[in-house]
Amino acid sequence: MTATSPMTPQEVNERRAKARRTAILLGLVALGFYVAFIAMSVARA
Amino acid sequence: MAHEHTADDHAHDDHDHGPAHGWRRWVYATNHKDIGTMYLVFACVMFFVGGAMAMIIRAELFQPGLQLVDPQFFNSMTTMHALVMIFGAVMPAWTGLANWMIPMQVGAPDMALPRLNNFSFWILPFAFTLLLGTLFVPGGAPAGGWTLYPPLSLQGGDGFPMAIFAIHLMGASSILGSINVVVTIMNMRAPGVGLLNMPLFVWSWLITAYLLIATMPVLAGAVTMLLTDHFFGTSFFSASGGGDPVMFQHIFWFFGHPEVYILILPAFGIMSEIIPTFSRKPLFGYDAMVYATAAIAFLSFIVWAHHMFTVGMPLAGQLFFTLSTMMISIPTGVKVFNWTATMWKGSLSFETPMLFALAFLFLFTIGGFSGLMLAVVPADFQYHDTYFVVAHFHYVLVPGAIFGIMAGVYYWLPKWTGRMYDETLGKWHFWLSAIFVNVLFFPQHFLGLAGMPRRIPDYSTQFTDWNMVSSLGAFGFGLSQLLFPYIIWKYIKGGEKSGARSWEGAHGLEWELSSPPPYHSWADPPSREVIARGVEH
């Protein structure tokens with residue numbers, strides 16, 4: 001079995017940063033839906 | 001598993017140890033397999049708690065009149081049964097399967113955010129302690145249905161704010177779990193595992209996770225507003241204060257309909273794993289399956305008002321929601337026909353996972369057809385809030401979601417543990433479940449068509465016979481589920497050893513790992529040869 005070469009520390013750090021960025025973005029999207037639906041209801045009520 | 005530390009030992013610091021011992025292993029767990037196991041055990045416990053509530057409901061409905069429980073408690077049971085089964089059993093079971101399988105299937109060492117993963121799980125026991133605790137406070141548990149429609153839900157006792165807080169916690173757990181799934185799939189795939197050669201289970205979970213991220217906050221928003229209406233004098237949903245109770249229904253079902261697909265899409269993914277394995281053929285129409293899943297998810301956002309035709313809406317609205325609902329049958333049909341085409345001229349064998357998958361195929365389709373009947377406005381006016389609706393969604397969720405989970409557990413159990421379950425007992429479990437689930441739910445179609453309303457503890461005497469049949473089916477189904485933990489306990493005690501590829505036709509990166517897999521699988525990414533053998537195309 002030819003193993004794929006392990007990632008370099010730099011690649012690992014880049015992947016961690018990218019994962020963190022994606023997670024924060026998705027968290028903001030979720031927060032956006034929460035706030036948007038309450039704001040819409042405030043506007044209607 | 002070869003573990004080649006060449007350039008970057010630092011990167012593997014977290015992977016060089018085995019599991020911690022004792023309670024620390026579970027409380028501080030960051031390993032995806034441990035967290036997956038905890039989710040699955042939690043889901044199993046909640047399945048029996050929710051099942052016990054269903055037994056109380058069916059025992060009360062065994063004959064007309066009030067026999068066992070008072071009407072308020074009966075309504076609490078219907079409400080709590082739904083909340084426990086949806087948020088406590090089915091969703092955690094899917095998250096458990098996702099935790100176990102996604103990293104192994106995409107060649108990742110773990111989930112992308114392991115500590116968040118731990119947090120997502122450990123929120124759940126607190127949430128459900130709070131929710132089940134409402135049974136013991138003045139005023140009792142929520143009794144207005146899982147849909148929590150105001151103004152009825154606002155009349156709850158001390159249990160109301162507890163239930164609302166519990167729902168917020170469950171939502172937070174689901175959102176955090178989903179973020180983890182998306183981040184893992186988008187960032188942690190091994191080189192060579194592309195988006196369009198991931199296993200269908202991973203694809204279906206990716207789409208499910210996006211649905212969760214978009215819809216759980218909407219439910220959270222709706223229940224937050226219920227809370228402020230109850231305690232802080234707002235009038236979002238109170239007509240007397242200028243609010244609109246129907247607006248709650250719109251918001252709730254904007255969450256609620258995609259939620260149905262959140263419960264069923266991972267089952268579609270599992271079917272797409274199991275059917276090719278036991279047909280010994282590649283999946284027919286892989287790309288079409290991916291696009292069909294995405295189409296179902298998209299359509300699930302634009303059909304919500306078919307749950308509330310009877311509140312009244314313009315003709316154009318009725319037509320739009322009828323047609324958009326019917327359109328869902330197109331991608332769903334693509335999936336059903338592709339599974340059938342996968343089996344066509346295959347070398348089929350009928351082990352327990354395949355039996356559950358086939359039952360899923362037939363019985364979920366029945367649930368789909370009754371859904372089409374409910375999409376027709378004039379017919380829905382007749383069926384709305386009757387047992388026909390109960391039969392419809394239970395056909396989708398029991399032989400659909402629950403059988404999907406059972407199929408997945410039987411399929412991957414030999415991989416997780418390195419041991420085979422008792423096939424004879426597995427088949428007993430399947431046949432008893434498949435027979436009793438139909439005895440339980442099929443008569444409810446007749447009851448609904450004859451006009452029996454849902455969520456009532458008493459009924460007119462003409463409904464007696466089919467209610468008795470349905471209740472007998474429920475007791476049989478409930479008892480047959482006790483086989484499941486027994487089968488697992490029995491084979492943990494010493495089942496036959498399983499090889500790396502537990503099933504002859506199994507295909508995927510997880511089957512390239514030993515059974516059981518190492519505590520830290522894919523600490524180094526899989527080789528090109530392994531990927532070529534393991535991925536779909």
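Chain letters run A, B, ... following the sequence lines, proteins first, then strands; residues in each count from 1.
- Heavy atoms only, all atoms of each residue included: A:R15 and B:N187 are closest at CD-O, 3.2 Å.
- Note that CG of B:L212 and CG of A:L26 are 12.0 Å apart. Values are rounded to the nearest 0.5 Å.
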>> Using the rule given for side chain to side chain contact (heavy atoms under 4.5 Å, CB included), can you reason through A:F33 versus B:T215, listing the C-alpha separation, both sets of side-chain angles and the distance that settles it, and then say yes or no?
In response: CA-CA 8 Å; A:F33 271 96; B:T215 60; over 6 Å; no
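- No part of A:V35 comes within reach of chain B, as not one of its non-hydrogen atoms sits under 4.5 angstrom from that chain.
- With a 4.5 Å cut-off on non-hydrogen atoms, B:M216 does not touch chain A at all.
- Atom CD1 of residue A:I38 and atom OG1 of residue B:T234 lie 10.0 Å apart, to the nearest 0.5 angstrom.
- For a residue to count as touching a neighbouring chain, one of its non-hydrogen atoms must lie under 4.5 Å from one of that chain's; by this rule B:I179 touches chain A with backbone and side chain alike.
- Across every non-hydrogen atom of B:D244 and A:R44, the tightest pair is OD2-NH2, 3.3 Å.
- Neither the backbone nor the side chain of B:F237 comes within contact range of chain A; no heavy atom of the residue lies under 4.5 Å from a heavy atom of that chain.
- Note that CZ of A:F37 is 11.5 Å distant from NE2 of B:H250, once rounded to the nearest 0.5 Å.
- Residues A:A19 and B:A112 approach most closely at CB-CB, 4.5 Å, considering heavy atoms.
- When all heavy atoms are compared, the tightest approach of A:K18 to B:M186 is NZ-O, 4.5 Å.
- Taking a 6.0 Å sphere around OH of B:Y149, one finds it holds more than 12 heavy atoms contributed by other residues, nucleotides or ligands.
- Around CZ of B:F298, the count of heavy atoms belonging to other residues, nucleotides or ligands within 6.0 Å does not exceed 12.
- With a threshold of 4.5 angstrom between heavy atoms, B:F248 does not approach chain A through any atom at all.
- The choice from B:S235, B:A214, B:A220, B:G221 that makes the most heavy-atom pairs within less than 4.5 Å of chain A is B:A214.
- Both the backbone and the side chain of B:I213 have a heavy atom closer than 4.5 Å to some heavy atom of chain A.
- In the displayed structure, B:F301 atom CZ is contacted under 6.0 Å by more than 12 heavy atoms of other residues, nucleotides or ligands.
- Neither the backbone nor the side chain of A:R20 comes within less than 4.5 Å of any heavy atom in chain B.
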